[in-house]
2 protein chains.
Amino acid sequence: MAAPIDFYFDFSSPYGYIGSEVVDAFAARIGRDVAWRPVLLGPIFKHVGTAPLVDIPLKGDYAKRDFVRMARYYKVPFTLPVKFPVGTQAATRAFYCLSDADPALARRFAKQVFRAYYTDGIDISDPATVVELAAKVGADREKVAAAIADPAVKERVKNEVDAAIAKGVFGSPLFIVDGEMFWGVDRLPQLEEWVRTGGW
Amino acid sequence: MAAPIDFYFDFSSPYGYIGSEVVDAFAARIGRDVAWRPVLLGPIFKHVGTAPLVDIPLKGDYAKRDFVRMARYYKVPFTLPVKFPVGTQAATRAFYCLSDADPALARRFAKQVFRAYYTDGIDISDPATVVELAAKVGADREKVAAAIADPAVKERVKNEVDAAIAKGVFGSPLFIVDGEMFWGVDRLPQLEEWVRTGGW
């Protein structure tokens with residue numbers, strides 16, 4: 001099988017959530033694996049010099065409408081949480097702690113986190129909540145709790161974010177396949193055509 | 001025929017250009033007319049608090065790549081002009097001067113301006129150039145030259161931009177159909193589904 005699709009996302013990103021619900025079936029259909037790579041949009045937006053989408057005049061109002069419309073278009077259940085956006089450091093640390101030992105478990109955890117936030121409105125910024133969500137998909141509760149508080153894991157996440165920025169990652173979801181970058185779920189048809197034709 | 005699709009764009013917007021090349025055939029297919037509505041992204045971006053896309057770190061680099069890739073995907077000839085972006089006051093004034101008397105002529109003019117800029121790299125910020133492009137599609141040279149310099153037409157354009165902002169327009173291209181807003185050529189499939197189903 002050819003190289004995986006790198007799938008960059010932030011756990012607080014609505015479009016990242018929609019991406020998380022569609023990317024595996026999409027990738028399987030075009031014969032690729034997916035490397036899930038959560039990042040933190042906070043430091044990325046700081047680097048880029050932009051604000052959270054919903055804070056931007058006019059564009060923010062549109063975005064709130066587009067989140068809902070887009071989710072329904074892709075048949076993904078979605079409710080914008082009252083507390084939005086939220087910090088995703090705990091979830092991201094837990095993810096990398098899990099993914100080193102068991103990528104499939106980490107992926108199940110990621111989907112669980114996204115669904116908890118976007119279908120049940122659960123506050124995923126809370127470390128204790130993140131531990132519960134990890135336990136639900138079969139992860140070791142103590143190990144995840146320790147990882148969230150571990151300075152080495154914090155550093156690991158920082159390095160992942162820095163590496164993503166170095167690759168040009170500026171938003172969520174962002175896909176890289178065969179060195180080519182595609183931003184947004186709406187670019188998946190072009191990504192598919194790119195892989196099918198070898199680019200243009 | 002049902003109400004037209006409002007098509008907002010700036011003559012300096014690459015995605016607006018791609019939109020201009022595909023919107024008429026698209027709208028005809030779904031049984032709608034198109035009301036072409038050039039605006040000025042300068043005052044709009046000031047209102048929104050954003051910068052021209054290519055000036056944004058990382059995102060700007062991606063955008064330059066995406067312009068080209070997107071144009072090829074839609075089979076639209078495209079070369080990013082050396083001087084980019086440019087002011088589009090003259091072209092926008094000329095457009096509204098023409099559209100009041102002859103909307104079809106104004107639309108031909110708009111396509112001519114976009115193609116001059118994005119296929120031949122012609123500087124469309126220059127009023128004399130705009131007059132030449134208008135003459136090429138059959139407009140009265142003197143009338144267009146006078147309109148570009150006319151404070152009343154300048155005011156008219158300002159009012160069009162203010163009205164667009166009041167409707168929530170924040171980018172280019174932006175389509176409004178039956179009161180529903182869709183930003184970007186990449187949202188046309190959803191716009192089509194929206195019209196076909198009556199919304200969701």
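Proteins come first, then strands; the chains are lettered A, B, ... in the order of their sequence lines, and each starts at number 1. This structure is a prediction, so every number in the text was calculated from the model and none was measured.
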>> Test of understanding: clusters of I, L, V, M, F, W, Y form through side-chain heavy atoms closer than 4.5 Å, transitively. Do B:Val153 and B:Val131 belong to the same one?
In response: no
> What is the distance from atom NE2 of B:His47 to atom CG of A:Leu58, rounded to the nearest 0.5 Å?
Replying inline: 4.0 Å
>> Would a single hydrophobic cluster contain both A:Val157 and A:Val113, if residues Ile, Leu, Val, Met, Phe, Trp and Tyr are joined by side-chain heavy-atom contacts under 4.5 Å?
In response: yes
> Could you give the distance from OG1 (B:Thr197) to OH (A:Tyr73), rounded to the nearest 0.5 Å?
Replying inline: 10.0 Å
> Mind checking which of residues 168-177 of chain B sit less than 4.5 Å from chain A, heavy atom to heavy atom?
Replying inline: B:Gly168, B:Val169, B:Phe170
> More than 12 heavy atoms of other residues, nucleotides or ligands under 6.0 Å from NZ of A:Lys154: is that the case?
Replying inline: no
> Is the count of non-hydrogen atoms from other residues, nucleotides or ligands lying under 6.0 Å from B:Lys143 atom NZ greater than 12?
Replying inline: no
> What parts of residues 178-195 of chain B touch chain A if we use heavy atoms and a cut-off under 4.5 Å?
Replying inline: B:Glu180, B:Met181, B:Phe182, B:Trp183, B:Asp186, B:Arg187, B:Pro189, B:Gln190, B:Glu193, B:Trp194
>> Donor-acceptor check, side chain of B:Trp200 to backbone of A:Arg72, threshold 3.5 angstrom: yes or no?
In response: no
>> Below 4.5 Å, heavy-atom pairs only: which of A:Lys59, A:Arg69, A:Arg65 has the largest tally toward chain B?
In response: A:Arg69
>> A:Thr50 vs B:Ile56, test: side-chain contact (heavy atoms from CB on, under 4.5 Å). Steps then yes/no.
In response: CA-CA 8 Å; A:Thr50 188; B:Ile56 300 173; 5.5 Å; no
>> Are A:Val130 and A:Ile122 connected into the same hydrophobic cluster when the rule is that any two of I, L, V, M, F, W, Y join if their side-chain heavy atoms are below 4.5 Å apart?
In response: no
